[in-house]
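In each ligand, atom 1 is the first atom listed, and ligand 1 is the first ligand listed.
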Amino acid sequence: MSAVLSRRVIVKPLHPLFVAEVTGVDLTVPLAREDFLAIWQAFNENEILVFRQQAFTDETQIAFSRNFGALETMEAHAANNYKPGHIAIMTNLDAKGDLLPLDDPGMVHRLRNEAWHTDSSFKPVAALASLLSARVVPPPGVGGNTDFASGRAAYAAFPAARKAALDVMTVIHRVAEPKNVDDPAYSAEQKKRLTVTHPLVRVNPVNGRKNFYVGSHAQEIIGMPNDEAQKLLDEITAFCTRPEFCYSHQWLDGDAVMWDNRCALHRATTFDKTKYRRKMHRTTVAGLAPDTLFATAPTTAV
Ligand code: OGA
Ligand code: MN
């Protein structure tokens, strides 16, 4: 794919290893194909794309996200009042815009976002991308950032002699985190259905670059004793989240951030939820399995 695809889209790195800011296009209106292709290329190269000054509504956010493929419908759980849809709301506000108490079930559920994870890794076909758009942001400097880590930069920097063994490992991911196995947020049926396997190392089908695929749902390694697997998963997660492989996004009004769930980890960071208001709307683009089927750009763009 040639580097110059669009006369409008401007891609500027925000970190030495991954993350780019994309400007020059209004994502709330239908995109020209060349603009989408430039964004698609930037997405595959940079893992995280930061868009500024985008006045998304749910409808326009859904329409832009659909350029990348079919959208996931969220599983029903405590954080969406058991009402699944294409928009997942990450917030400390109730429907009227008032602060929720810290012990509200949705608030407790969303604390899981503060562990490093990748969205929907507990589904048989894990998510391709998530797009989070800021609707209410806390004031600068009080926290509520979203942190990102590059599983790709980490893989590239990992000791080479160990890679051949890791490349062929298979990991069990579960929707319920081990410490929450009795958590009522998910039904027994969901816990069973949402226990799946994925390779420990994934390959981007567009550029062939490999990455570690771990996070809070990764819990066991096939054929390895549990304590050993836990140690290895912890080691790899700690390696991926070394400061040099991380970018922390401080949200500004109008920001929207899209991340590649196939290769980047992310986590919410805390803030004083009894004092500041924060509301983010997320759309999630479903993946296609296996990765090799996704080597060309999706064709749904106008
Ligand atoms: C998510 C998520 C982090 C945040 O929406 O998937 O993990 O900072 N959000 O809200
Ligand atoms: Mn998430």
Side-chain angles (χ1 to χ4, degrees), residues 19 47-51 56 58 61-62 64-65 68 71-80 84-93 99-100 102 104 106-123 126-151 173-177 180 185-186 194 198 213-218 237 240-241 246-273 276-287:
V19 192
E47 305 181 50
I48 317 292
L49 299 181
V50 174
F51 305 104
F56 277 124
D58 288 351
Q61 181 171 347
I62 285 172
F64 170 66
S65 304
F68 293 79
L71 300 192
E72 284 193 359
T73 299
M74 311 305 155
E75 288 285 326
H77 55 55
N80 57 26
H86 287 320
I87 296 281
I89 302 181
M90 308 297 162
T91 189
N92 63 332
L93 306 178
L99 292 168
L100 283 164
L102 294 177
D104 173 85
M107 293 284 281
V108 173
H109 188 85
R110 281 187 290 268
L111 282 177
R112 290 166 207 233
N113 280 346
E114 295 181 15
W116 287 107
H117 66 282
T118 171
D119 293 334
S120 299
S121 74
F122 46 78
K123 292 187 180 175
L128 169 73
S130 295
L131 175 66
L132 198 60
S133 80
R135 305 302 174 90
V136 179
V137 297
V142 306
N145 285 16
T146 305
D147 289 345
F148 295 95
S150 171
H173 292 245
R174 290 196 180 84
V175 74
E177 295 168 42
N180 286 323
Y186 292 96
L194 302 174
H198 295 294
Y213 188 70
V214 287
S216 59
H217 301 290
T237 305
C240 289
T241 57
C246 287
Y247 163 80
S248 186
H249 187 73
Q250 179 175 301
W251 292 89
L252 302 174
D253 262 341
D255 282 358
V257 178
M258 181 171 243
W259 60 86
D260 188 338
N261 280 305
R262 299 169 300 180
C263 53
L265 293 169
H266 64 280
R267 67 172 178 190
T269 66
T270 196
F271 62 103
D272 187 345
K273 294 165 188 152
Y276 302 112
R277 296 148 51 89
R278 183 182 193 266
K279 189 170 184 241
M280 307 279 167
H281 285 203
R282 191 185 96 199
T283 40
T284 314
V285 183

Check: What orientation do F68 and F64 show, parallel under 30°, tilted 30 to 60°, or perpendicular over 60°?
Finding: perpendicular
Note to self: As an exercise, identify every atom of ligand 1 less than 4.0 angstrom from a heavy atom of R278.
What the structure shows: 4 (C), 8 (O), 10 (O)
Check: Does an N or O from W251, backbone or side chain, lie closer than 3.5 Å to an N or O of ligand 1?
Finding: no
Notebook entry, point to check: What orientation do H173 and Y213 show, parallel under 30°, tilted 30 to 60°, or perpendicular over 60°?
Noted result: tilted
Notebook entry, point to check: Under 3.5 Å, side chain of S150 to main-chain N/O of A264, donor-acceptor pair present?
Noted result: no
Check: For R282 and D119, what are the C-alpha separation, side-chain angles and deciding distance, and is it a side chain to side chain contact (heavy atoms under 4.5 Å, CB included)?
Finding: CA-CA 11 Å; R282 191 185 96 199; D119 293 334; 3.5 Å; yes
Item checked: For H117, the ligand 1 atoms whose distance to one of its heavy atoms is below 4.0 Å -> 7 (O)
Next item on the list: Around atom 8 (O) of ligand 1, find the nearest protein heavy atom and jot down its residue, atom name and distance.
Entry: T146 OG1, 2.6 Å
Margin query: For the CH2 atom of W259 and the CZ atom of F148, what is their distance to the nearest 0.5 Å?
Written below: 5.0 Å
Margin query: For a quick test of reading the model, state the closest non-hydrogen atom pair linking P138 to G143 and the distance between them.
Written below: CG-O, 3.9 Å
Next item on the list: Could you walk me through whether T73 and H86 pass the side chain to side chain contact (heavy atoms under 4.5 Å, CB included) test, one step at a time?
Entry: CA-CA 5 Å; T73 299; H86 287 320; 3.5 Å; yes
Item checked: Protein N/O/S count near the Mn ion (ligand 2) (criterion: distance under 2.8 Å) -> 3
Notebook entry, point to check: Do side-chain atoms of H266 reach the backbone of T146 as a donor and acceptor pair under 3.5 angstrom?
Noted result: no
Check: Is H266 touching ligand 1 with its side chain, its backbone, both, or neither, if touching means heavy atoms under 4.0 Å apart?
Finding: side chain
Margin query: Less than 6.0 angstrom separating the ring centers of F51 and F56, yes or no?
Written below: no
Next item on the list: Find all atoms of ligand 1 within a distance of less than 4.0 Å from any non-hydrogen atom belonging to N113, and give their numbers and elements.
Entry: 2 (C), 7 (O), 9 (N)
Checklist line | Side chain, backbone, both or neither: the part of L132 lying under 4.0 Å from ligand 1 by heavy atom | finding: side chain
Margin query: Would K273 pass as a cation-pi partner of Y276, given that its NZ or CZ must be under 6.0 Å from the six-membered ring centre and within 45 degrees of the axis?
Written below: no
Margin query: For ligand 1, which is the ligand I care about here, please tell me if W259 has any N or O atom under 3.5 Å from one of the ligand's N or O atoms.
Written below: no
Notebook entry, point to check: Between atom CE of M280 and atom OG of S133, what is the distance when rounded to the nearest 0.5 Å?
Noted result: 8.5 Å
Margin query: Pairs of nitrogen or oxygen atoms closer than 3.5 Å, one from D119 and one from ligand 1: do any exist?
Written below: yes
Check: Taking only heavy atoms of R282, which atoms of ligand 1 are found under 4.0 Å from at least one of them?
Finding: 1 (C), 5 (O), 6 (O)
Check: How far is atom 3 (C) of ligand 1 from its nearest protein heavy atom, and which residue and atom name does that atom have?
Finding: A268 CB, 3.6 Å
